[in-house]
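Structure first, commentary second.
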Amino acid sequence: MNSKVSSSEPDDQLPPRYCIGIDLGTTNCVLAYVDTETPGTESESKVDEGGAGADFTVRTFLVPQWVDLGVAESRPTLPSFHYTLHPSEKLTRSDAHTWLNPTDDGLASCVGEYARVAGLLHPGRQIASAKSWLSHEGVDRTADLLPWHGDHDVPRRSPADASASYLKHLVDAWDAEHPEHPMSQQDIVITLPASFDEVARELTIRAAKMAGLPRIQLIEEPQAAFYAWLDRHRDEWQELVQVGQLILVCDIGGGTTDLTLIRVRPADKDDQSNVVQFHRVAVGKHLILGGDNLDLAVAKAAEAKLGRSLSPRQWQQLLAAARQTKETFLSEPRPERTTIHLPGEGSSLIGGGLSVEMTAEEVDALLLDGFFPDVEMTSEVDSQQSGFQEVGLPYAADPAVTKHLAEFLREHRRTGLDDQSGNAPDSVDSDQVNLVLFNGGVLTAPAIRKRVVGSLSKWFSEPAVLESARLDLAVAQGAAHYAMVRRGHGVRIAANLARTYFMQIEQSPPRAVCVIPADAQAGQSYRIDQVPMDLRVGVPVSFPLWVSSTRLADRPGEVVDIDPNTMTALPPIQTALKDRKRRDQSTMQIVIESELSEIGTVGLYCVSNDKRWRLEFDIRGTLETDRESHDYAGESAGIIDEETLDECRQLISRVFVEGSLKPSLLTKRLQTKLGTSRDQWPPALLRQLWETLMEVQDNRRRSPAHESRWLNLAGFALRPGYGVAVDDWRTSQTWRMIYGKIAHPDHQVRAESYVMWRRIAGGMTAGQQNQLATSLGKWLLAGTSNQDMAEANEAWRTIGSLELLPIDQKRSFATAVMESLDRKKSAPLYPSLFWTLGRLASRVLAYGPLNLIVPATDISHWVQKLSHSRSLETKDDATRRPAAFAITQMARRCDDRFRDVDQPTRDRALNLLDRLGAPDHWIELVKNGGQLDHEEQQAVFGDTLPLGIELRG
């Protein structure tokens with residue numbers, strides 16, 4: 001192993017004047033700073049609540065922002081809300097802060113306090129919790145999807161865009177006050193949750209660049225909070241801690257619960273200025289569990305008291321009001337009761353409002369007992385799906401924070417214990433929490449802090465609480481303090497990575513090599529030369545990655561068995577290495593080098609002699625394409641011996657190269673050779689058959705029969721376009737070689753090409769799907785009378801499989817389907833039309849992200865039209881069953897208010913299912929929800945699924 005530490009600052013440059021810390025929070029953003037040319041005094045720092053001592057003072061920057069339509073004020077926090085003004089709203093101009101003035105380039109928008117308040121009345125115009133979306137694996141995090149379920153005229157932004165808008169506001173505000181020292185030229189530290197995955201970290205860096213900050217440092221929020229405590233106790237902290245103590249930083253903000261352990265160790269012998277060292281030894285799992293969850297719980301309870309299910313719009317308003325209610329009851333002093341008022345809707349807007357009273361006792365039981373229950377140290381976390389599906393975020397399944405805390409401490413309270421702990425005084429028990437530091441908006445509530453201390457006291461002895469004056473400002477202030485520590489001022493926390501990274505190198509059995517250890521420090525690099533690899537140039541290579549927060553002792557180069565219980569899959573790195581000096585597909589030996597950068601991101605490199613290739617993390621939605629390849633269920637379904645494979649390749653060659661075997665006989669001969677039906681062929685075999693077919697693809701032009709057979713078998717071998725490593729590369733290769741290049745454009749060949757695209761659509765990009773849909777739509781929507789029915793059937797099914805189409809495009813195709821179902825001449829197309837409608841209008845997509853689901857209001861309209869459609873009058877089961885399954889997908893319950901249809905639509909759908917004689921399970925899916933069985937998944941897919949590969953539903 002080789003290590004190196006690099007400096008991020010050139011030696012020949014003077015450091016910038018200002019050190020800036022930014023808390024990019026879920027609910028609020030804060031900017032703190034140190035002016036290195038104007039040392040503060042102790043009295044100044046007390047007034048500013050920013051620190052003690054005369055060396056330097058951490059100050060909080062007051063951020064100008066709109067607080068009302070005509071009022072701009074400077075405040076210490078910038079609420080993390082983005083709001084697009086309603087046409088009836090207009091911001092006046094500010095003479096004091098001209099940079100705040102709106103421009104004339106379309107709809108005006110703002111961030112901050114007015115964005116927060118205005119969202120109470122117009123929730124569909126507000127973006128909230130963008131930080132939580134940055135870490136959401138179930139959507140394409142780079143897609144323009146916020147506000148989630150926003151008004152139709154509101155431009156959408158990606159989570160990174162929204163985060164960048166808050167940072168840009170801070171940049172503009174700073175630059176307006178410091179024109180000679182623009183923020184982009186200062187030392188900037190931005191905070192983020194310790195449990196953020198690599199994708200979320202990379203997107204945070206991207207957001208900073210979008211805001212005009214090309215050079216930043218990252219620090220984890222719990223560490224920043226601890227730096228803030230050190231800053232406040234700069235003259236006394238060495239008297240408040242002892243060697244051997246274990247410090248818990250419990251950080252519960254608006255979006256996440258972040259748990260961190262810091263161990264106190266003896267200072268190095270060379271360090272004469274300090275008695276102890278601080279080592280961050282463990283971080284908890286990523287939990288989307290915070291103030292937003294408490295708001296949801298209050299809103300759910302209020303809705304239950306109202307005794308009715310609210311409309312999506314009223315629910316959004318109730319959720320915003322619940323936030324205020326929660327804060328009212330968790331602060332001191334507090335009232336005994338309060339009333340939530342909601343405006344009416346439509347014709348009831350005046351005088352049709354709703355009111356519900358909540359008491360302090362009710363909220364205590366809801367929040368304290370629900371989120372911070374009294375549990376044993378051995379309590380297990382419930383892994384069932386979270387009941388909160390309202391805003392599209394993957395909230396933690398179990399809301400009990402104290403259970404997560406117990407699990408974290410069971411796993412990590414002995415982490416970092418070594419011989420140095422023998423230096424601890426007899427009074428210190430080194431395997432229990434001795435000190436606790438609270439941070440985050442939720443823990444401003446005394447009652448919640450008391451609950452957490454009570455749990456720790458029950459499990460251990462009572463810990464001492466490290467006091468912090470302003471929990472809402474501490475993270476930013478600690479980040480600014482850390483920027484000074486990086487310059488050599490103050491004590492530094494030795495923050496190892498606290499996660500071990502692995503790269504998978506074998507599939508059967510699955511094994512991986514450690515590439516970055518848990519004790520890695522920023523700036524260190526490692527060379528994994530114990531496990532050299534032979535790779536071919538010019539062909540796709542996948543590097544599946546795993547991370548563990550419990551396997552902390554593995555060293556770089558060690559090969560371990562993959563255990564999904566202790567290791568979590570990351571998006572794989574995939575690439576095709578290219579070298580101009582080597583011919584294509586030559587083989588070379590490489591080793592892996594890894595590094596933990598100064599800004600806290602992981603870098604991996606392939607190294608061969610004097611060449612290095614950087615392996616980039618995929619920052620697309622991580623449930624797209626190869627996300628599922630980490631399960632390797634497809635590969636483990638079976639591997640065929642090379643001799644049999646060669647015989648299969650020879651059969652393919654006899655058809656397409658030699659021409660000695662009829663295309664129509666190929667599949668049958670392959671089944672005979674393999675001794676099983678083609679539906680039982682394992683994915684590993686299928687992908688190898690695809691490779692062979694691609695090698696002979698030029699020969700598909702021999703005749704229409706050859707091309708039809710090639711297209712049919714190629715699509716079958718690559719279906720569903722994902723599930724095996726590097727499938728999206730295979731799909732892109734198929735697209736490049738086949739799209740628009742059909743040699744025999746007769747009806748049969750075109751129909752087979754549509755079958756192929758339908759089968760592999762899950763691996764296609766959104767751009768490819770759009771291009772295909774545009775091409776097919778030109779003649780499908782024209783409705784010409786001379787359409788070949790077989791070709792039209794497959795074309796419509798292809799449209800239904802394109803889940804990455806924009807919602808407006810899906811709506812257009814679904815509307816055309818509805819119109820065709822009312823035409824008697826379309827009767828031969830009814831089964832395919834219903835299949836397409838079910839896919840376009842489904843409440844749960846097979847592979848697409850949540851932000852591309854057609855709104856429930858459209859479904860209500862279509863279900864009502866279907867109840868009068870002549871297509872449902874048929875007695876033909878070939879139509880009735882697809883119709884029933886389409887209605888099941890359209891009305892299937894998923895316990896998400898914005899995806900679920902309203903009760904009248906659900907009742908109408910159930911009546912239709914009863915008329916059509918639908919199976920009991922389909923009726924259950926509409927009534928109460930649930931999961932599709934394997935047969936139903938295949939009905940959704942429209943084909944058999946390869947062994948070991950499942951759809952999401």
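Just so it is clear, the values below take in all heavy atoms, side chains as well, and ignore hydrogens, waters and symmetry mates.
In this structure, Asp175 contributes its side chain and Met183 its backbone to a donor-acceptor pair below 3.5 Å. In terms of modelled atom types and a separation under 3.5 Å, the side chain of Asn770 and the main chain of Ala766 share a donor-acceptor contact. A donor-acceptor pair under 3.5 Å links the side-chain atoms of Thr765 to the main chain of Gln768, judged by distance alone. The closest donor-acceptor contact from the side chain of Ser94 to the backbone of Ala72 lies at 3.5 Å or more, if one exists at all. Without hydrogens or angle criteria, Gln769 side chain to Leu804 main chain gives a donor-acceptor distance under 3.5 Å. Between the side chain of Asp68 and the backbone N or O of Gly70 there is no donor-acceptor pair closer than 3.5 Å. At least one donor-acceptor pair closer than 3.5 Å links the side chain of Glu89 to the backbone N or O of His86.
Inter-residue side-chain proximity for Ile807 and Pro855 is flagged as met; some heavy-atom pair is nearer than 4.5 Å. Proximity of Val67 to Tyr114: side-chain heavy atoms (C-beta onward) are nowhere separated by under 4.5 Å. In this structure, His82 and Asp161 have side chains that are not in contact, with every pair of non-hydrogen atoms separated by 4.5 Å or more. In this structure, the side chains of Leu85 and Arg125 stay at 4.5 Å or more apart for every pair of heavy atoms. Counting only heavy atoms from C-beta outward, the side chains of Asp187 and Arg486 never approach each other to under 4.5 Å. Side-chain contact between Asp472 and Val30 is absent, with no heavy-atom pair separated by less than 4.5 Å. Counting heavy atoms from C-beta on, the side chains of Arg156 and Pro147 come closer than 4.5 Å. Side-chain contact between Pro15 and Thr36: absent, with no pair of heavy atoms (C-beta onward) separated by less than 4.5 Å.
Here the closest heavy-atom approach between residue Tyr166 and residue Cys29 is recorded as CB-SG, 3.9 Å. Between Leu203 and Leu134, the shortest heavy-atom distance links the atoms CB-CD2, 3.7 Å. Here the shortest heavy-atom pairing between Leu259 and Cys250 reads CD2-SG, 4.0 Å. Heavy-atom minimum distance, Ala208 versus Ile190: CB-CD1, 4.0 Å. Among all heavy-atom pairs drawn from Thr26 and Ser80, the shortest one is O-CB, 3.4 Å. In terms of heavy atoms, Arg215 sits closest to Gln186 at NH2-O, 3.8 Å.
Aromatic rings of Phe56 and His481 (six-membered ring for Trp) have centroids within the 6.0 Å cut-off, being under it.
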Check: Going through the checks in order, is the side chain to side chain contact (heavy atoms under 4.5 Å, CB included) test met by Asp251 and Leu437?
Finding: CA-CA 8 Å; Asp251 184 352; Leu437 174 66; over 6 Å; no
Next item on the list: Step by step, work out the side chain to side chain contact (heavy atoms under 4.5 Å, CB included) result for Ile219 and Tyr227.
Entry: CA-CA 11 Å; Ile219 186 175; Tyr227 275 120; 3.7 Å; yes
Note to self: Does Ile20 form a side chain to side chain contact (heavy atoms under 4.5 Å, CB included) with Phe61? I'd like the steps, not just the answer.
What the structure shows: CA-CA 10 Å; Ile20 296 174; Phe61 181 75; over 6 Å; no
Notebook entry, point to check: What do the steps show when you test Thr92 against Leu69 for side chain to side chain contact (heavy atoms under 4.5 Å, CB included), and what is the final call?
Noted result: CA-CA 7 Å; Thr92 57; Leu69 284 176; over 6 Å; no
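Using cut-offs of 30° and 60° on the angle between ring planes, the pair Tyr33 and Trp174 is perpendicular. Classified by interplanar angle (parallel below 30°, tilted 30° to 60°, perpendicular above 60°), the ring pair Tyr18/His178 is perpendicular. Using bins of under 30°, 30° to 60° and over 60° for the plane-to-plane angle, the ring pair His97/Trp99 lands in the perpendicular bin.
Among Thr27, Asp295, Asp292, the one residue that satisfies the side-chain hydrogen bond (donor to acceptor under 3.5 Å, both in side chains) test with Arg323 is Asp295.
Remark: Gln477 CD to Thr191 OG1 distance equals 12.0 Å, nearest 0.5 Å. Here CG of Leu545 is found 12.5 Å from OG1 of Thr568. Values are rounded to the nearest 0.5 Å. In this structure, CG on Asp172 lies 8.5 Å from CG on Leu100, to the nearest 0.5 angstrom. How far CG of Leu192 is from OG1 of Thr204: 5.5 Å, rounded to the nearest 0.5 Å. Here Thr260 contributes atom OG1 and Ile493 contributes atom CD1; the two are 9.5 Å apart, rounded to the nearest 0.5 Å. In this structure, CD in Glu113 is found 9.5 Å from CG in Leu78, a value given to the nearest 0.5 Å.
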